[in-house]
Chemist: 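Once you've had a glance at the structure underneath, I'll fire off some questions.
Values below: every heavy atom of this structure, side chains too, minus hydrogens, waters and symmetry copies.
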Amino acid sequence: MTVKKSASSCSVEDFIPLLDLSLTEDYLNGIITRDQENLQLLHISLKVKYYYISQGLQGKLAFSLDSICKQITVYNLEHTCEILELCLLVQDIDSATFCITSYLEENIRKEQDLYIAVKLLYMVTNVYYENKLKLPDSFNYWVRWSYREILKDNSRLLQNLFCKLLVKYVACTDEVSNILSFVLSVEDLYTIACCFHIFVEQISSTDSSNFWWMIINNLKSRHYNKKLALHVLKEYIEYINECGSFLQESDIIKGKMQSKTEFIKCWNDYFILMEISQEKPLHLISPALSLIPKVLNLHSCWIFCMYSVLLSHTQNTVVFFVADIILQEKLSSYDENLLQIAIQCLLPALNKYECSDNFYNLFNKLKQLPILYNDSVQILLKESLKITWGPVPAWYFYSNVIPDECKCDIDCTLIIDIFNHVKRLPHSFIRDSCYHILLKFLVKQKQFVNLQINGFLKIAADLKKCDSKLLPLFYKHATNAIQSYNETKAVLKKIYDIGSSTLTDLDEIEILLQIINYNTEIFNALQTMYYKVTDYNILDCLVLYLCKNNAVAFDVTDYLQSKINSSVSNSPYSVTDYVKLTNLQLLSRCKQLLLLPHSINLQNNIIFAYKLYCDSIQSVIDKDTFNIVKIWNERLLKRDKIGSDICKSYFKIHMAYLNSIYSKGDTTMFETFYLTIVAIFDTQTEDVWLVIYENFGVINAFLKTATYKLNYSIQSILDRLLDELHNFKTTENFVRAWVPLIGIILQDTHILEQGSSLLDKISQIALMNDKIAYIFVKELVDAPVENSVLFIDLIVNLLLYGNITKKDKRCEFIAYKDIESKVKNKNNPNYIHTNIRTVAVNTIFHILENREEDIADLVADLLIERYRRHYKKRYFYDSEIHLSKLRIIQAVLTLRWYISVQCKRTIIDFIIESICGENHQPCVKHLMQWLLILFVRDVPKHLPEIVERMYTIHCSHTSSMITFIPVLCHIGFQGSEQMVDCLVQTMVPSAMGAHFKLRVYSQVAISKLIEASKRRNYVDIQRKYYVLYINIIAILEMAGAAVVNILQTDRDFLDEFDIEKYYHLHSLYIDIPQLRNVPETEWTSIDTELFYYSGIIPVNGIGKNIKYSKTTNTPTDDAVVDYSINNIQKKILPINDLGASDRDETCSELILVATLVDSAANLGGIARTCEIYGVKQLIVPDRKVINTKEFKSLSMSAEHWVNILEVKQSDLKEYLENVKEKRYTIIGIEQTAKSVKLHTYEFTRRCVLVLGNEKEGIPSYIFPFLDVCIEIPQFGLLRSLNVHVAGAITIWEYVKQNILL
């Protein structure tokens, strides 16, 4: 049988001159078998041999392929494959195949060899395919082996080659079913996508539900497999459309559709939605959202897959739109599984930090689900456990999903699981609020109401493990259940059972003692338990309970004596309740123990004795107490190892002793006191340090008197205390230390006179966090005025304190408001910033009303100085600069009646300068206008000069002139007839000017001034401007709504704003910011009841709060999108080129040589261009470059798809010689004397493009290997293009000539 030659081989007509020599068969066979080292001669000889065989002139030849295979390299692989292909054709094909596979088995080991192996396997398969022969069974092993190795290597280039091999391999075997099963087992979606046309019939004719679920799971992914899955799905729908097998399809494909036309239309819309979902810009994806209702007849699995993809979109507008559709659907029609899938899609989308109305509306709609569907609460709560909630969405979710009235019965275990889930929230206020709602929900469950005592104790113990703070609230909500337990004998039985058990649970006993009502029966039961239990922790629990209930009949003296004498573990309980049961015998034993030499073995005994003795110290201060203090003080100064519990009790005794002897005038031990404090800070933990701060009042009292006798001062101790504050690790301990310290410091003038360094330290600490600042300013407002004045600069900072400008903080702020309305939680963190600023205002008033000095001028100067830090900086309505400027102007306005005339004049000049030189947000502009009006009225002597400055100096911008017009108008309302006349004349030119907005403002202001003159009976004004007034009114009436649109809120300012009537704190800090679109975080949490009534500026204007129109809100991402657009824009999906299109054969025979390029970034861009235009091969100087960050930043994963070969610069000449022998045209992109213009050059199909170096171009030693040089025409002044750009332009010209045309 004569085997046909592959269509890809060269024609034998090139060798007709050789055929004329009439070579004998023996001679030709001898050349083939003997001269295999010369590949060129062998190639020609094999072609001649094949020609003779095909003509029936000669027979086949048997020879070894070993020497040929040994010569295979990456560089000559193409040529060697052509030779081996001819070898298969001129001898027995199965024998030759065996030789090739034997070579693979012996030689293919390295990673680079895998490409050689796949290329050889493809060549063999292609020969069998062309000749319609069946591959030998042994060949199957090598196909599977190569497939497994390719999957390990993860090379797209090799996978592409293997897919071509697979298409022809399946045609030469009966393995299609086995191959499909194997590919599905490893979930290789790429191979399925490339070879789908050979698998489609197999998929269609068998039960393929597992296959489709694999497609669905990949559709929901975010990586490349999503595109592959979509490609496979599209191919299958096209197959159904062509084959007409719509009715035979399973429900997962057919869905609810009744006709083939509907089927195809629905799937096409679905593909558009899925493809467009990959786009990020809103203008691309929003028009496609109108297609969602048109695809709802598909099977629910595809719908939820689409929902999952769209709900993970980066644009929140898309997410909220889709979530709204899900919540509007009839979820009651879904079974439990589908409802669960819908919720699984929805919940991750709701776990966002958002401030928009659409976000909150979704949760409101979610609230309706529990009302409509019985199982929805159970499913929602179960699925919520899978979400790592942020604090804000967690609150909105649980507060809306959990119904106010319990209409469903939820397993208590599930609710406990939710408690533990909520415990992870990093926000204590929101976490506690969620706890509150969950507790109310828990106690309403039928299962909870019917719980026996054991079940109740278990739930309480679980809650305690979650968060011990939950128990008091739990007992409060579970009052009815606790009452029912106390009405039965179950509690007594439980107590006796616990007493009889050897495995006693301390938590269980603590909870039980919390809920029982004390009576005689309970006392007897607990006494019985007391004598049976040996665990000291449990005994402590029982004893403390009896002490709390005044069980005087129960003598615990022996118990306490045993605790003092025994080395028991330290009790977690306080001994305060034991104090009333102590007696002299016990205290004597405590003294004995504390006077013993320090011993580790007695550590626990000493702790208990110290605690007991410390709490009883007030009544037993004597010589023994002095000795105890002296002994332990010496140990501390020697830096002996002393436990924190002992040290805390010791220091309390020390302070009590010092206080006692100080009152008697004894200063013994004062000399070492500073060293004692230093030792505590050096050797102890912060819980011991706290005792020093808590006793600072005692320390300060004796130091003020005794300092003259000591070698240290109060300042040295204060410096140490203030420095150590920075070392506190927890905010809670920091605050506990700060409160007693700052309270005493601010009240004590003697301390504050120690120096400026002390004031600086206090000022720095006061601004460290919110709680510290609030405590400071609260103490400051009650401090003596002479002390408060020392911190005037800090007070100014506190007037401007706190900014909620970040998105997550604004979201939390809104959530706090919701919590406050639903839970009535008064610990709202919203208030602390506004409260700090409010109390700072009060502090300023307190100082101003008690000092005659120019404090107000100083404060005003400091405020203006703060303003200048932001001068001419661009800012937005929700920015920190906006809030800072707003607070500064508010503060200056509050100082109106205290500031001197000279200071007011300075402020007026600055505000005029600011209006002329800056653009302002509406609220800042409004307050500046108000300030100008008030201050100009307060300095009437300078009125003409100020008005002239307003309208003539630095007013080149019309926006500045527009800002001044309402100011001038209000000044005129209260001005003299002469002043009104001057103002009207000043505004007339702009009322007739070219600028429309300025013209309208001027015309309205003039009309308002003339109308006010009529009310004030300024006859001359009315007569003089009568004609002007009539004409202006006519013009304004003709303009109609345009006037309203132009003036906006300034219309209200001109019409109804009474600058004196509205001058109160409520208007300044709440009304104006609210009406002028200031973020609600600034004004909504201000409590006006905290404002100090100064008697000059009121807190509220009774019945006079501002009520005019509000500034239009700034557009947000929630703007309504037009979804009626028919033509939907989308990007190209390159995945459509997959499959049996044989890209390498149909796209190009172009090789791009970038060996001379140095930049990794340029190489990455070149690789991307090569992938886009299907370049056959890219040559780089080093393959390691593809793993660099610079390369990948521009390649966009092109390295996975492009055949990249490494050729070092030293090997470039040899490489070019090899490709020239393969009849490639070698083209250099370089400007030379003989270079051809790019647009005039005609490219051959087989081309090699050589790119030059970025700086030096193509070196001279490469020119002899070039067939031609081409250059890109240039029309600018620069000499050259970037090498990446030049390569891209040239490749595009090649593609136009050889691919597109």
Chemist: I'd like to know if Glu820 and Lys817 make a salt bridge, using a cut-off of under 4.0 Å between side-chain N and carboxylate O.
Modeler: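 Salt bridge between Glu820 and Lys817, a charged N being under 4.0 Å from a carboxylate O: no.
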Chemist: If we only count heavy atoms from C-beta on, is the Lys226 to Leu230 side-chain gap below 4.5 Å?
Modeler: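 A side-chain contact under 4.5 Å is absent here.
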Chemist: Enter the distance from Cys266:SG to Leu298:CG here, rounded to the nearest 0.5 Å.
Modeler: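 Atom-to-atom, Cys266:SG and Leu298:CG are 3.5 Å apart.
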Chemist: Are side-chain heavy atoms of Leu347 and Leu380 found at a separation under 4.5 Å?
Modeler: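 Yes, close enough: below the 4.5 Å cut-off.
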Chemist: Is a side-chain N or O of Thr1084 found less than 3.5 angstrom from the main chain of Thr1081, in a donor-acceptor match?
Modeler: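 No, because the side chain of Thr1084 does not come within donor-acceptor range (under 3.5 Å) of the backbone of Thr1081.
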Chemist: Are Cys301 and Ile252 close enough, and set up right, to give a side chain to side chain contact (heavy atoms under 4.5 Å, CB included), and what steps lead you there?
Modeler: CA-CA 8 Å; Cys301 64; Ile252 197 170; 3.6 Å; yes
Chemist: Going from CZ on Phe304 to CG on Leu311, what distance comes out if it is rounded to the nearest 0.5 angstrom?
Modeler: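 Taking CZ in Phe304 and CG in Leu311, the distance rounds to 10.5 Å.
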Chemist: Taking the side chain from His313 and the backbone from Glu279, do they hold a donor-acceptor pair closer than 3.5 Å?
Modeler: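 Yes; at least one donor-acceptor contact below 3.5 Å.
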Chemist: What closest approach, in Å, do Ile285 and Ser277 show between heavy atoms, and which atom pair accounts for it?
Modeler: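 Scanning both residues, the minimum pair turns out to be CD1-CA, 3.8 Å.
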Chemist: Mind checking whether Glu354 and Phe320 have side chains closer than 4.5 Å, heavy atoms only?
Modeler: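 Heavy-atom side-chain distance check passes, below 4.5 Å.
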Chemist: Taking all atoms of both residues into account, what is the closest heavy-atom pair of Leu282 and Gln315, and its distance?
Modeler: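 Shortest heavy-atom contact: N-NE2, 3.8 Å.
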Chemist: Atom CG of Asn361 and atom OG of Ser356: how far apart are they, to the nearest 0.5 Å?
Modeler: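 Taking CG in Asn361 and OG in Ser356, the distance rounds to 8.5 Å.
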Chemist: Kindly check if the number of other-residue, nucleotide or ligand heavy atoms within 6.0 Å of NZ (Lys352) is above 12?
Modeler: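 Above 12, so yes.
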Chemist: Test Glu275 against Lys227 for side chain to side chain contact (heavy atoms under 4.5 Å, CB included), laying out the working first.
Modeler: CA-CA 8 Å; Glu275 289 173 357; Lys227 292 183 178 182; over 6 Å; no
Chemist: How many angstroms lie between atom CD of Glu187 and atom CG of Leu184, to the nearest 0.5 angstrom?
Modeler: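 Going from CD on Glu187 over to CG on Leu184, the span is 8.5 Å.
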Chemist: Identify the heavy atoms of Phe813 and Ser1085 that sit nearest to each other, and give their distance.
Modeler: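 That closest heavy-atom pairing would be CE1-OG, 3.9 Å.
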Chemist: Are the side chains of Tyr398 and Phe441 in touch, meaning some heavy atoms are under 4.5 Å apart?
Modeler: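 They are not in contact (no side-chain heavy atoms under 4.5 Å apart), so the answer is no.
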Chemist: Would you confirm whether the ring centroid of Phe363 sits within less than 6.0 angstrom of the ring centroid of Phe397?
Modeler: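 No, the ring centres sit 6.0 Å or more apart.
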Chemist: Using the ring pair (Phe, Tyr, Trp, His ring centres under 6.0 Å) criterion, which residues pair with His299? Sequence neighbours excluded.
Modeler: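 So His299 forms no ring pair (Phe, Tyr, Trp, His ring centres under 6.0 Å) with any residue.
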Chemist: Less than 4.5 Å apart, side chain to side chain, heavy atoms only: is that true for Trp395 and Lys822?
Modeler: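 Trp395 vs Lys822: side chains touch.
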Chemist: Side chains of His427 and Val392, heavy atoms from C-beta outward: is any pair under 4.5 Å?
Modeler: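 His427 does not reach Val392 side chain to side chain.
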Chemist: Rounded to the nearest 0.5 Å, how far does CD1 of Ile418 lie from SG of Cys466?
Modeler: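 These two atoms lie 11.5 Å from each other.
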Chemist: Could you walk me through whether Trp212 and Ile253 pass the side chain to side chain contact (heavy atoms under 4.5 Å, CB included) check?
Modeler: CA-CA 9 Å; Trp212 291 121; Ile253 294 296; 3.8 Å; yes
Chemist: Just wondering, do Val322 and Met306 contact through their side chains at under 4.5 Å, heavy atoms?
Modeler: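 Answer no - side chains too far apart.
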Chemist: Does the Ser308 side chain pair with the main chain of Cys305, one donor and one acceptor, at a distance under 3.5 Å?
Modeler: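 Checking the backbone N and O of Cys305 against the side chain of Ser308, no donor-acceptor pair under 3.5 Å is found.
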Chemist: Do the non-hydrogen side-chain atoms of Tyr270 and Leu291 ever get within less than 4.5 Å of each other?
Modeler: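 Of all side-chain heavy-atom pairs linking Leu291 with Tyr270, none is under 4.5 Å.
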Chemist: Return the minimal non-hydrogen interatomic distance between Ile430 and Pro391, and the atom names on each side.
Modeler: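 Shortest heavy-atom contact: CG2-O, 3.2 Å.
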Chemist: Using atom types as modelled and distance alone, determine if a side-chain donor or acceptor of Asn351 lies under 3.5 Å from a backbone N or O of Thr388.
Modeler: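 A pair under 3.5 Å: yes.
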Chemist: How long is the straight-line distance from CZ of Phe419 back to CD1 of Ile416, given to the nearest 0.5 Å?
Modeler: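 Going from CD1 on Ile416 over to CZ on Phe419, the span is 6.0 Å.
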Chemist: Val309 and Met274: which non-hydrogen atoms are nearest, and at how many Å?
Modeler: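 Heavy atoms only, the tightest pair is CG2-CE, 3.7 Å.
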Chemist: If you take all heavy atoms of Leu310 and Val318, which pair is closest and at what distance?
Modeler: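 Smallest heavy-atom distance, with atoms named: O-CG1, 4.0 Å.
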Chemist: Could you check Leu350 against Leu366 for side chain to side chain contact (heavy atoms under 4.5 Å, CB included), going step by step and ending with a plain yes or no?
Modeler: CA-CA 10 Å; Leu350 296 178; Leu366 192 65; 3.9 Å; yes
Chemist: Verify the ring-centre separation between Trp302 and Trp267: is it less than 6.0 angstrom?
Modeler: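 They qualify: ring centres under 6.0 Å apart.
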Chemist: Between Asn835 (side chain only) and Tyr774 (backbone N and O only), is there a donor and an acceptor less than 3.5 Å apart?
Modeler: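 Here the side-chain-to-backbone pair does not exist.
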Chemist: Classify the angle between the aromatic ring planes of Tyr816 and Phe429 as parallel (below 30°), tilted (30 to 60°) or perpendicular (above 60°).
Modeler: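 Taking Phe429 first and then Tyr816, their aromatic rings stand perpendicular (interplane angle over 60°).
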